[in-house]
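Side chains are part of it too, since the values below use all heavy atoms of this structure and drop only hydrogens, waters and symmetry mates. Atoms within a ligand are numbered from 1 in the order they appear, just like the ligands themselves.
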Amino acid sequence: MKLLVTGGAGFIGSNFLLYWLKYHPNDQIINLDKLTYAGNLANLASISSPTYSFIQGDICDVKLVSEIMDGVDTVVHFAAESHVDRSIVDPPVFLRTNIIGTQVLLDAALRKKVKRFHHISTDEVFGSLEIESKEKFRESTPYNPRSPYAASKAAADYMVRVYCITYGLPVTITNCSNNFGPFQHPEKLIPLAITNILEGKKIPVYGDGRYVRDWLYVEDHCRAIDQVLRNGKIGETYCVGGMTKDITNLEVVKKILSLMDKDDSWIEYVKDRPGHDRRYAMDFRKIEKEFGWKPEHDFETWLGKTVEWYKENTSWWKKVKKGEFQDYYRKQYKQ
Ligand code: NAD
Ligand code: DAU
């Protein structure tokens, strides 16, 4: 099988490539990534497989995408602008990459008769749930995006569905929750918290910290995509989540502090994110019932292992936190 993976130098994309080469070593893989601030080839340094190749390029580049799509059987589409806070200050790049880029890929996939187009989406398209409610997002939950990032992902999801309904492109979609694990950019809460502590800085917590996210270990997510690629029904969406119990951001941060032998004085409450979604929770019974998939990496244990990974890979995150990130951090966290 020949796979085109987009955004394979990012957090989830790189974990997916490492996973895929381990479990499907005979497949040919092309990784198309623009290497934005979020793309990092260091994530893929351990790959030596002759079946893997990297192309630096933009998913919005019609000619390049068309050339690369030749002979591809399966597209796994991760490439996106992924950070909600950045989408609030600079929406246009989110619309360009997440919507137009997805459409360019869909169009090429249709013309080149790709056998499967799998789109990686997010639970953020569903909007926000009430704190302390028992409600969960499921495949039939109506879309209600509340940030430029979420709106761009919702638009992309609609385009993916439309290419299936209107033109017959064989697509599948997964909407997953907050991933965590190795190689996550330190703009995101968990790696930001860990690396700030390692640098002797406080952890910025937005608002009252009583916001709930569903945390999914990245390898469980990769396994879910694998299942959907092998067994998923064309045109279907699958919700992928990692938790059965709610946990607030404050509780997550306190767990990190405890793992790193620090007290609560390392927490700094900062200005809230505008339009901050209060609670996400995923009902992943469909993928569990249909394929027997469920998360195998529990939050407590794997949060601890993630802390260890960042401790052991200081040169990786120190490089990422230099340059552009310094400007971003100053602007984002100025009080
Ligand atoms: P990331 O920001 O770490 O990586 C994104 C990758 O896409 C980078 O390597 C970047 O260089 C590349 N990219 C960006 N614009 C591009 C373009 N125009 N052309 C080619 N490549 C481009 O993102 P991530 O956290 O790994 O997320 C991957 C996907 O999963 C995204 O589609 C995101 O919406 C989705 N998702 C992420 C999470 C999460 O918790 N991280 C949860 C749900 C869904
Ligand atoms: O739910 C899936 C989504 O998860 C993905 O679609 C996004 O690509 C991914 O970035 C992530 O979005 P979030 O906004 O939930 O992730 P983030 O790590 O930015 O924030 C997690 C929570 O922590 C959120 O409630 C905001 C809060 N937060 C975040 C940062 C960066 C803070 O309190 N302080 C911070 O400094």
Side-chain angles (χ1 to χ4, degrees), residues 5-16 31-41 43-44 55-61 64-65 76-88 93-94 96-98 100-102 104-105 119-126 128 137 145 147 149-150 152-153 156-157 174-181 183-193 196 202-216 218 221 225 240-242 248-250 252-253 267-273 276-282 320 328-329 332-333:
V5 172
T6 70
F11 162 48
I12 307 175
S14 58
N15 276 283
F16 178 79
N31 172 15
L32 171 63
D33 195 300
K34 188 180 177 183
L35 297 184
T36 67
Y37 79 91
N40 190 347
L41 289 180
N43 304 3
L44 304 166
I55 296 173
Q56 181 170 6
D58 191 334
I59 56 166
C60 300
D61 182 336
L64 176 70
V65 167
V76 188
H77 175 34
F78 294 96
E81 289 292 335
S82 70
H83 194 37
V84 174
D85 293 321
R86 291 187 193 250
S87 82
I88 293 167
V93 67
F94 283 75
R96 181 183 180 276
T97 293
N98 298 2
I100 304 296
T102 300
V104 167
L105 287 164
H119 176 60
I120 311 299
S121 190
T122 169
D123 57 2
E124 303 218 4
V125 297
F126 299 122
S128 181
F137 298 135
S147 71
Y149 163 70
S152 69
K153 292 295 289 187
D157 290 13
T174 38
N175 291 80
C176 74
S177 57
N178 287 60
N179 287 221
F180 71 104
F183 301 120
Q184 186 167 30
H185 194 286
E187 66 189 357
K188 309 283 168 40
L189 179 67
I190 288 179
L192 180 70
N196 268 19
K202 291 191 177 188
I203 303 173
V205 170
Y206 294 160
D208 58 13
R210 290 182 68 239
Y211 291 89
V212 173
R213 295 292 181 268
D214 174 298
W215 296 100
L216 169 68
V218 64
H221 182 195
I225 299 167
V240 184
T248 65
N249 291 343
L250 207 50
V252 170
V253 163
I267 295 173
E268 183 175 24
Y269 291 92
V270 299
K271 199 162 105 324
D272 210 348
R273 172 185 283 177
H276 198 168
D277 289 342
R278 193 44 95 171
R279 173 174 173 263
Y280 301 153
M282 288 300 253
V320 179
Y328 163 77
Y329 196 86
Q332 178 64 23
Y333 295 97

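A cation-pi arrangement is found for R86 relative to Y328, the charged atom lying closer than 6.0 Å to the ring centre and inside a 45° cone about the ring normal. Because its NZ or CZ atom is both nearer than 6.0 Å to the ring centre of Y211 and within 45° of the ring axis, R278 counts as a cation-pi partner of that residue.
In this structure, R213 and N249 have side chains that are in contact, with non-hydrogen atoms separated by less than 4.5 Å. Looking only at side-chain heavy atoms (C-beta outward), I59 and D33 stay at 4.5 Å or farther from each other. Contact of the R273 side chain with the V84 side chain is registered, since non-hydrogen atoms from C-beta on lie closer than 4.5 Å.
Contact record, M282 with G241: CB-CA, 3.8 Å, taken as the closest heavy-atom pair. Shortest non-hydrogen contact noted between E81 and N98 is N-OD1, 2.9 Å. Closest heavy-atom contact between L32 and D58: CD1-N, 4.5 Å.
Using bins of under 30°, 30° to 60° and over 60° for the plane-to-plane angle, the ring pair F137/Y280 lands in the tilted bin. A tilted orientation is assigned to the rings of F78 and F16, their planes being inclined by 30° to 60°.
For H83, no heavy-atom contact with ligand 1 is shorter than 4.0 Å. The residue N179 has no part lying near ligand 2, judged by heavy-atom distances below 4.0 Å. Both the backbone and the side chain of K188 come within contact range of ligand 2, each with a heavy atom under 4.0 Å. Heavy atoms of K153 found under 4.0 angstrom from ligand 2: none, in either backbone or side chain. Contacts with ligand 1 closer than 4.0 Å are made by backbone heavy atoms (N, CA, C, O) of S121 only, the side chain lying farther away.
Counting atoms of ligand 2 from 1 in the listed order, those under 4.0 Å from a heavy atom of L192 are 36 (O). Close contacts of ligand 1 with L35, meaning ligand atoms under 4.0 Å from a residue heavy atom, involve 11 (O). Those atoms of ligand 2 that come under 4.0 Å of a heavy atom in H83, given as number and element, are 19 (O). Counting the atoms of ligand 2 from 1 in the order shown, those under 4.0 Å from a heavy atom of V84 are 14 (O). Close contacts between ligand 2 and Y280 involve ligand atoms 1 (O) [criterion: under 4.0 Å to a heavy atom]. When each atom of ligand 2 is checked for a heavy atom of V205 under 4.0 Å away, the hits are 33 (O). Numbered from 1 in the order shown, with element, the atoms of ligand 2 that lie under 4.0 Å from a heavy atom of E187 read 31 (C). Per-residue contacts place D123 under 4.0 angstrom from the following atoms of ligand 2 (heavy atoms of the residue considered): 1 (O), 2 (C). Set against the non-hydrogen atoms of T122, the atoms of ligand 2 under 4.0 Å away are 1 (O), 2 (C), 3 (C), 5 (C), 6 (O).
Between the CG atom of D277 and the OG atom of S147 there is a distance of 6.5 Å, given to the nearest 0.5 Å. With rounding to the nearest 0.5 angstrom, the CH2 atom of W215 is 4.0 Å from the CD1 atom of I190. Note that the CD atom of Q184 and the CD1 atom of I12 stand 7.5 Å from one another [nearest 0.5 Å]. With values rounded to the nearest 0.5 angstrom, L64 atom CG is found 6.5 Å from I55 atom CD1. How far CD of Q332 is from NE2 of H83: 6.0 Å, rounded to the nearest 0.5 Å.
Looking at ligand 1, you'll find an N or O of N179 within less than 3.5 Å of one of its N or O atoms. Close N/O approach between Y211 and ligand 2 is not found [any backbone or side-chain N/O within under 3.5 Å]. Any N or O atom pair closer than 3.5 Å counts here, and G10 shares at least one such pair with ligand 1. Residue Y37 has no nitrogen or oxygen atom sitting less than 3.5 Å from a nitrogen or oxygen atom of ligand 1, judged on distance alone. Checking only distances, K188 never comes within under 3.5 Å of ligand 1, N or O to N or O. Close N/O approach between H77 and ligand 1 is not found [any backbone or side-chain N/O within under 3.5 Å]. Ligand 2 has an N or O atom lying under 3.5 Å from an N or O atom of N178, backbone or side chain.
Of the listed residues (Y333, Y206, Y269), the one carrying the non-hydrogen atom nearest atom 32 (C) of ligand 2 is Y206. Remark: among candidates A80, S82, G10, the nearest residue to atom 9 (C) of ligand 2 is S82, based on non-hydrogen atoms. Of the listed options S82, A79, G7, A80, A80 places a heavy atom closest to atom 5 (C) of ligand 1. For atom 36 (N) of ligand 1, the nearest non-hydrogen atom from the set F78, F11, Y149, Y280 comes from Y149.
For atom 34 (N) of ligand 2, the closest non-hydrogen atom on the protein side is P204 O, 2.9 Å. S177 O, 3.2 Å is the protein heavy atom nearest to atom 42 (C) of ligand 1. The nearest heavy-atom contact from the protein to atom 26 (O) of ligand 1 is I12 N, 2.8 Å. Ranking the protein heavy atoms by distance from atom 5 (C) of ligand 2 puts Y149 OH, 3.6 Å first. Closest protein heavy atom to atom 12 (O) of ligand 2: E124 OE2, 2.8 Å. The protein non-hydrogen atom at the shortest distance from atom 14 (O) of ligand 2 is R273 NH1, 2.6 Å. For atom 18 (N) of ligand 1, the closest non-hydrogen atom on the protein side is D58 OD1, 2.9 Å. Of the protein's heavy atoms, K153 NZ, 2.7 Å lies nearest to atom 32 (O) of ligand 1. Among protein heavy atoms, the minimum distance from atom 20 (C) of ligand 1 is reached at K34 N, 3.2 Å. Ranking protein heavy atoms by distance to atom 10 (C) of ligand 1, first place goes to T36 OG1, 3.3 Å. Closest to atom 22 (C) of ligand 2 among all protein heavy atoms lies N249 ND2, 3.4 Å. At the top of the distance list for atom 19 (N) of ligand 1, counting protein heavy atoms only, stands I59 N, 3.0 Å. Protein heavy atom closest to atom 18 (O) of ligand 2, with residue, atom name and distance, is L189 N, 2.8 Å. Protein heavy atom nearest atom 8 (C) of ligand 1, with residue, atom name and distance: D33 OD2, 3.5 Å. Of the protein's heavy atoms, H276 NE2, 3.3 Å lies nearest to atom 26 (C) of ligand 2.
Defined by atom type and a distance below 3.5 Å, a donor-acceptor pair is present between the side-chain atoms of T102 and H77. Checked by atom type, the side-chain pair S82/K188 shows a donor-acceptor distance below 3.5 Å. Judged by distance alone, the side chains of Y333 and D85 never bring a donor and an acceptor atom under 3.5 Å apart.
Under the 4.0 angstrom criterion for non-hydrogen atoms, C176 is in contact with ligand 1.
When ring centroids are compared, Y37 and H185 come within the 6.0 Å threshold.
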Apply salt bridge (charged side-chain N to carboxylate O under 4.0 Å, His left out) to D123 and K153, showing your working.
CA-CA 10 Å; D123 57 2; K153 292 295 289 187; over 6 Å; no
